[in-house]
Amino acid sequence: MSAAIKRACDACHRRKVKCDGINPCRNCSTAQLSCTYNAIPQKKGPKGSRAKVISELRETQRQTSLAARVQNRVAGLTAGPSQNPTTAGPSPGMVTGELVKECLEFFFAHMYSTMPILVRQKVEQQAMFMEQNRDVYCLVTALCAFVMLQPGMTMPPSDPYNLDMMPGSNLIASTLLLEEAMRVRNGYEYLDSPTLNSIATSYLLFACYYGVESHNKAWFYLREASTMMHMLDMHKE
DNA sequence: TTATTCGGAAATTAAAAACA
DNA sequence: GTTTTTAATTTCCGAATAAT
């Protein structure tokens with residue numbers, strides 16, 4: 001590139017063409033434009049703290065170490081004598097009764113008004129036996145994953161994933177729960193006979209993925225929920 | 001063929017951080 | 001204090017497109 005001139009005129013700047021810097025400049029003359037230099041240049045250079053990169057690196061490393069701790073913790077939870085981590089059944093210790101209780105409490109206190117997709121009494125009843133019913137287990141796990149994403153939701157006092165209330169621990173807990181829900185859900189044919197629970201689960205998966213900005217997955221599960229509603233003739237009066 | 005538009009690479013600049 | 005690093009802005013190259 002030839003040496004850039006100190007300042008391009010307004011028209012050349014707009015047209016993204018080389019300006020000779022005089023008034024009127026050659027481009028403006030040939031285009032019969034009035035050649036002005038009215039634009040006020042912006043201040044160049046970084047604004048505010050420029051420690052953005054180092055902050056990002058710190059955050060990435062923190063998340064990585066946190067995730068590693070969670071992996072270890074989960075490996076410990078799932079490494080029972082009769083437990084194979086690759087099975088499609090619920091992982092013991094992953095979705096604790098206390099976690100479910102807290103998440104249901106939060107959901108019905110703060111979110112039910114804008115998302116009335118569940119009946120409290122029914123869910124609480126079903127949740128007691130969720131280990132025996134994958135449909136319910138997935139619903140409850142997805143619900144917990146969704147609730148853990150919400151601002152204001154705190155980790156239960158027992159801290160089931162041993163995250164020490166560190167910043168970002170909610171997001172990691174949510175991710176783990178989402179993975180758990182997906183793993184169990186992929187282990188059985190929930191589409192064979194969709195239920196209200198599986199529709200709500202799809203909707204909660206949509207909400208979870210939307211919350212973590214995985215928009216393609218989010219829309220997929222929203223669409224899935226909508227399709228299952230059709231399968232159950234819920235679009236009819 | 002010539003003129004125009006515009007995505008984006010390269011250059012420029014200045015603030016913040018690092019260093020002596 | 002000076003130097004280095006980083007990030008924001010500006011210039012304008014050159015490919016794509018439109019006009020003649």
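The figures here come from the full heavy-atom set of this structure, side chains too, leaving out hydrogens, waters and symmetry mates. Numbered from 1 within each chain, the chains take letters A, B, ... in sequence-line order. All values derive from a computational prediction rather than experimental measurement.
- In terms of phosphate contacts, A:His13 brings no side-chain nitrogen or oxygen within less than 4.0 Å of OP1 or OP2 of C:dT10.
- Cation-pi geometry between A:Arg134 and A:Tyr190 is not met: the NZ or CZ atom fails to fall both under 6.0 Å from the ring centre and inside 45° of the normal.
- A:Cys12 comes within contact range of no nucleotide atom at all, as no heavy-atom separation falls under 4.0 Å.
- Residues of residues 30-44 of chain A having a heavy atom closer than 4.0 Å to DNA chain B, listed by number: A:Lys43, A:Lys44.
- Nearer to the 5' terminus of DNA chain B, by closest-nucleotide assignment, is the contact made by A:Val17 (compared with the other of A:Val17 and A:Lys6).
- When each of C:dT11, B:dT5, B:dG7 is scored by its nearest atom to the side-chain atoms of A:Lys16, the top-ranked nucleotide is B:dG7.
- Side-chain contact annotation: A:Thr201 with A:Ser198, donor-acceptor N/O pair under 3.5 Å absent.
- Between A:Met182 and A:Leu205 the shortest side-chain heavy-atom distance falls below 4.5 Å.
- Base contact: A:Arg15 has a heavy atom under 4.0 Å from a base atom.
- The distance from the CE atom of A:Met228 to the CG atom of A:Leu196 is 10.5 Å, given to the nearest 0.5 Å.
- Crowding of A:Arg223 atom CZ: a count of heavy atoms from other residues, nucleotides or ligands under 6.0 Å not exceeding 12.
- Taking a cutoff of 4.0 Å between a charged side-chain nitrogen and a carboxylate oxygen, A:Arg183 and A:Glu180 qualify as a salt bridge.
- Whole-Å rounding puts the A:Asn27 CG to B:dT4 P distance at 9 Å.
- The phosphate of B:dA10 has neither OP1 nor OP2 within less than 4.0 Å of any side-chain N or O from A:Lys18.
- Ring geometry, A:His215 versus A:Tyr210: the interplanar angle falls from 30° to 60°, so the pair is classed tilted.
- To the nearest 0.5 Å, atoms OG (A:Ser91) and CD (A:Glu131) are separated by 9.5 Å.
- Base pairing in DNA chain C gives the following stems of 3 or more Watson-Crick or G-U pairs, range against range and under 3.5 Å: B:1-19 with C:1-19.
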